Amino acid sequence: MKIVIIGNGIAGTNAARFIRKRSEHEIVLISDESWQPFSRTALMYIYMGHLKTEHTYLYEDWFWAKNRIERVFGRVNRLDVQARRLWLNDGAELSYDKLIIATGSLPNKLGWPGQDLAGVQGLYHLQDLAGMERHSPGLQRAVVVGGGLIGIEMAEMFHARHIPVTLLVREKSFWGNVLPAEESEMINRHLREHGIDLRLGAELQSIVDNGRGGAGAVLTKEGERIDCGFVGLTVGVSPNVGFLRDSGIELGRGVLVDAYLCTSDPHVFAIGDCAELRQPAAGRRPIEAIWYTGRMMGQTVAATICGEKTAYQPRLWFNSAKFFDIEYQVYGDVPARLPATVSSLYWEHPAGKKAVRINFDTATKAVTGFNLMGIRYRHEVCEKWILDGAPIETVLQQLSLANFDPEFFSEQEKQIVGQYNARQGTHLQLQSARKLDLVRRFLISKSSI
Amino acid sequence: MNTQTVPSLSLANPHPPGATLQQKIALALVGIGLLILLLSWAGQASWQPLLSFVLSFSLITAGGLWYARDIYRGLPEGIKNNGVMFRSLSNRGIAGWITGVMITGFYTCLYWYPEWLRGLIQLFDPFSRALRGLAADQWFVYGSFYTFAVLLMGLKFMLKYRHNRYQIIRTVSVMFFQLIFSFLLPAWMQLLHQPDFYFSYFWPLKAEYLFPDKIAYLTGNYAHLGVFLVFWGAVMSFVAVPVLTYFYGKRWYCSWVCGCGALAETAGDPFRTLSDKSLRAWKIERWLIHSVLVFIVLTTVLLWLNSWKQGAVLGQFSQAFSKTYGFLIGSMFAGVVGTGFYPILGNRGWCRFGCPQAAILGLFQKYFSRFRITTNGGQCISCGNCSTYCEMGIDVKAYAQRGQDIVRASCVGCGIFSAVCPRGVLRLENGSIDISERGAELRL
Ligand SMILES: Cc1cc2nc3c(=O)[nH]c(=O)nc-3n(C[C@H](O)[C@H](O)[C@H](O)COP(=O)(O)OP(=O)(O)OC[C@H]3O[C@@H](n4cnc5c(N)ncnc54)[C@H](O)[C@@H]3O)c2cc1C
Ligand code: SF4
Ligand code: SF4
């Protein structure tokens, strides 16, 4: 059987790897971006000089030959699902038995005047990085539009190159539609500590031409003008599926797929950023444009294609990021605004750069989510507590089991429990240490709930 | 409305283009200190060696620390790797090559043409007499430079990683062991007319500590102390190494105690990214390091056989044998290639490819140790920071992106990968079980 994969991001690459693990099918991996599959999430580190491009490659060169994964560089621009054929921009024609669409996203452009000027761009592909590189020499100021994960990365990138940055955030606080107020405020402070010109509640109106077809300034809806030579547009991404418009495959915002990641055509699958689930799991969105989704979907689709029909089960929500120097991890459900039925234990270190939030159901006391700022917690431990519905007081007593900070780091669990005791009038004591053996015992233990 | 843009707010930028005034003054102090060193080398030290010595080293220390402080001062705590890949020194650029040639040249003088160092030896003479009651020689000069580099660059390293207690404590430890055990203690023993014994090195790194003639020399000339030293060496090699490695992995030695590790972790830190991460390099590593180990074990056995048979096995060869080790491994590999090639092979070239002690510790670590690295569930984003900053050339990402625990013979437990990982994925652990299968389902 011949399997063709369009897109060599994490979704496509992982699909290829797991198909090879399970079968001897012929595998072709197509990309118009990079011959070497690399880590998109590491783009910022290349620009900042922490890494070179080759450090971000997902596998060493021998991997592809050894696993007999054929790589093709080119852009797919036409697809005929009846004939099971596709065409590349250079005219080459490929046939397939199964097709996997893993084309990722494109940065959003919301129709602002001036959005197509030179020096106005998003950050998604390697080519965008090249664009930033081209506009960096002599740049006096960059304006980044959008207070989300890629926006803050772009701000950090310019900052690392000593280029002053203005960050326009439409919400009242950084990433305010995802982060609860305290965490969000911590990042506001941290951005300012780094000298970022953070403009909260500021919305882009238009981009002004510098007279030579390039960005010269931005105007905000609040009537401000900010002179700059570069405008970063980081207001989210949308599935990169334009080339499928006439293919007959059913599209929504992305490629519509069922629980088995199969599209409206039984021989075509879609995974990663570009896939839109017709029926997402409860509490989950139909498109989750994050790394981990692509990785899990790649593995899932490989099983199905190799004959073991497997539904996509994303397990418990988790994510992570790093806002300049502050790491962020989330496990489970931690909404920006607390629903009436949920309580929240929020502890913040006096220095204001570490915090732990544990949400729990007010009635049953079962924990529902963790937010960690500047502290690392172990994924599996938090996940088990949440899936087991462990009550907050049990979790607090066991809290050290989750701590994943390096050795000798001061542990904050005692203070967290202390704060809970003070508020609730309880007398909880930390019981477990953060020893690996205990963690292991906890993880294999049956849920006691 | 047309508001003016606030002027640059990037106050907290690391390494702003162009040095600040303070940095310039600090560097000038270092420059003058170095100049005095050079002049002394060129023969001017006969004029006031003590004054030149004190002046030169105080200026370098003061200037160096001032510079380091000014770089990191006022910066929020965090990873300071901006621009690492653009620097000539740490990317095999011109500065890297020049540094490599200079250090290699210095080692060449040290081992084969010590008379070329006469000026420097003179400079150190007052210090040497005060410390150990002996005239300075090239080895004393070398030891002093080495210790000085570990201390000064160690302080800089601690400033850089001041948010990370594991790094701070570990660095204090290597600085302590270098200063006390590898420098002051041997010097004081000489002052008391005792052998200059290094308590923090043992067979097989200091192979001669278990060679018959060294043992005969120690026990013959130094009575009780000699017996104690031989006993110490044997206990360290055969008891401490396995026991401590069982509990903590090879890191207790390689990145907490050892002098080679001390230099690598402090002065060598800027070069850590240069280690080769490829599978091929890993193969070469395993062949080389274990060959050295086999060679030393054979040498030791032969020497003992020979001494037992009273010279019947090797005859005159016995001398030649230990000389070969001294030359090939001790001087060429550990010194010239190991340190001189920092800017080319990275800071752990010797530790990774040559050190027989690392080979033994590594075997224990791999097969009889509680030490391991665990990864945090599914959080890895395959960014590659961990592999890039691993000085031992371990492709950490290859494990982390599969959510797999790591037990590798070569890992020295520096813990830098954990610091640079932007998603908090990696942790060094002492635990008796491999918990990698715990996340089998999560292993993606
Ligand atoms: C700067 C940045 C930082 C990020 N950081 C994080 C993070 O920290 N954590 C996280 O969870 N997520 C992060 N993300 C999101 C994450 O990178 C994406 O969700 C993930 O890479 C999507 O993977 P994918 O395989 O679905 O698609 P992609 O990685 O986008 O791969 C799709 C590939 O297909 C190619 N392609 C598209 N159309 C065609 C065609 N017609 N013909 C041929 N090739 C085509 C594209 O050029 C691309 O190479 C980040 C994204 C960016 C841009
Ligand atoms: S540094 Fe962390 S996130 Fe990046 S590849 Fe390594 S383990 Fe994964
Ligand atoms: S694997 Fe990690 S701890 Fe071990 S040597 Fe490499 S960076 Fe250091």
Side-chain angles (χ1 to χ4, degrees), chain A residues 10 14 39 41-42 45 48-52 55-60 62 141 159-160 162-166 190 193-197 223-228 291-292 295-296 299 315 318 320 322 324-325 327 329 376 378-380 383 404-410 435-437 439-440 443-444, chain B residues 1-3 5-14 16-17 76-79 81-87 163-166 169 277-279 372 374 376-379 381-385 387-388 395 398 401 415 418-420 422-424 427-433 435 438-439 441-442 444:
Chain A
I10 182 63
N14 231 24
S39 175
T41 51
Y45 297 109
M48 289 169 29
H50 294 208
L51 302 174
K52 295 192 170 120
H55 294 135
T56 70
Y57 294 161
L58 295 178
Y59 296 98
E60 259 189 85
W62 51 260
R141 173 166 296 273
H159 180 68
H162 319 289
I163 297 167
V165 187
T166 299
H190 191 54
E193 179 189 9
H194 272 281
I196 304 300
D197 175 24
E224 240 183 311
R225 176 192 163 102
I226 303 167
D227 292 324
C228 61
W291 183 260
Y292 313 112
R295 190 174 60 187
M296 290 187 267
Q299 187 175 4
R315 298 182 60 119
F318 69 97
S320 58
K322 190 171 181 187
F324 280 74
D325 303 317
E327 288 173 17
Q329 299 181 327
R376 300 170 174 180
R378 209 185 267 277
H379 186 168
E380 295 89 338
E383 182 177 70
F404 197 72
D405 273 342
E407 293 151 294
F408 305 122
F409 274 42
S410 49
K435 282 212 177 99
L436 186 59
D437 308 36
V439 172
R440 155 82 171 182
L443 287 175
I444 56 176
Chain B
M1 195 174 73
N2 183 349
T3 18
T5 312
V6 233
S8 166
L9 282 167
S10 296
L11 302 171
N13 261 358
E77 299 179 349
I79 294 303
N81 286 339
N82 287 345
V84 164
M85 294 297 156
F86 308 144
R87 281 184 208 135
H163 60 288
N164 190 314
R165 274 176 73 186
Y166 181 77
I169 296 176
K277 313 301 183 314
S278 68
L279 195 61
R372 63 209 59 251
T374 64
N376 197 7
Q379 291 282 22
I381 51 169
S382 304
C383 68
N385 273 295
S387 299
T388 306
D395 189 1
Q401 66 188 358
S418 167
V420 299
R423 293 296 177 272
R427 187 167 195 272
L428 304 173
E429 315 255 11
N430 308 306
S432 59
I433 24 125
I435 72 166
R438 88 213 122 106
E441 273 177 84
L442 270 173
L444 304 165

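Keep in mind that this is a model prediction, so the values were computed, not measured. Residue numbering restarts at 1 for every chain, and letters A, B, ... go by the order of the sequence lines.
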* Between atom OG of S278(B) and atom CH2 of W62(A), what is the distance when rounded to the nearest 0.5 Å? -> 10.0 Å

* Asked: Considering only heavy atoms, which portion of I169(B) lies under 4.5 Å from any heavy atom of chain A: side chain, backbone, both, or neither?
  -> side chain

* Just by modelled atom types, is the G384(B) backbone N or O under 3.5 Å from a matching donor or acceptor in the H55(A) side chain? -> no

* Asked: What heavy-atom pair brings G424(B) and Q329(A) nearest, and what distance separates the two atoms?
  -> O-NE2, 3.9 Å

* Asked: Contact part of K435(A) toward chain B, heavy-atom cut-off under 4.5 Å: side chain, backbone, both or neither?
  -> neither

* Would you check, one step at a time, whether the test side chain to side chain contact (heavy atoms under 4.5 Å, CB included) holds for F409(A) with N164(B)? => CA-CA 7 Å; F409(A) 274 42; N164(B) 190 314; 3.3 Å; yes

* To do: Can you see which heavy atom on Q379(B) is nearest to which on F318(A), and at what distance?
  => OE1-CD1, 3.6 Å

* Using distance alone, with no hydrogens and no angle criterion, decide if R440(A) and T374(B) have a side-chain donor and acceptor under 3.5 Å apart. => no

* Asked: So, do H163(B) and D325(A) sit near enough that their side-chain heavy atoms are less than 4.5 Å apart?
  -> no

* Asked: Please walk me through it: do M48(A) and M85(B) pass side chain to side chain contact (heavy atoms under 4.5 Å, CB included)?
  -> CA-CA 9 Å; M48(A) 289 169 29; M85(B) 294 297 156; over 6 Å; no

* **Pairing residues for D405(A) by the side chain to side chain donor-acceptor pair (under 3.5 Å) criterion, not counting sequence neighbours** => none

* Residue part contacting chain A, namely of S387(B), when any heavy atom lies under 4.5 Å -> neither

* Asked: What are the two closest heavy atoms between L436(A) and R372(B), and how far apart are they?
  -> CD2-CD, 3.8 Å

* To do: With a 4.5 Å cut-off on heavy-atom pairs, point out which of G78(B), G415(B), C383(B) contacts chain A the most.
  => C383(B)

* Counting distance only, does the side-chain N/O of S39(A) pair as donor-acceptor with the main-chain N or O of I381(B) below 3.5 Å? -> yes

* **R427(B) backbone acceptor or donor facing R376(A) side chain under 3.5 Å** => no

* Asked: Measuring heavy-atom distances to chain B, does F324(A) have an atom under 4.5 Å in its side chain, in its backbone, in both, or in neither?
  -> neither

* To do: Between chain B and each of T41(A), T56(A), L51(A), count heavy-atom pairs under 4.5 Å; write down the option with the most.
  => L51(A)

* Asked: Considering only heavy atoms, which portion of F404(A) lies under 4.5 Å from any heavy atom of chain B: side chain, backbone, both, or neither?
  -> both

* Structure fact -> Between D437(A) and G431(B) the two heavy atoms that sit nearest each other are OD1-CA, 3.4 Å

* State, to 0.1 Å, how close R378(A) and N376(B) come at their nearest heavy-atom pair, and which atoms those are. => CA-OD1, 3.2 Å

* So which heavy atom on Y292(A) is nearest to which on R423(B), and how close? -> OH-CD, 4.2 Å

* **Between CG on residue D395(B) and OH on residue Y59(A), distance to nearest 0.5 Å** => 10.5 Å

* Relative to chain B, which segment of E327(A) carries a heavy atom at a distance below 4.5 Å: side chain, backbone, both, or neither? -> side chain

* Asked: Within the distance-only criterion (no hydrogens, no angle test), does the side chain of Q401(B) pair as donor or acceptor with the backbone N or O of L58(A) below 3.5 angstrom?
  -> yes

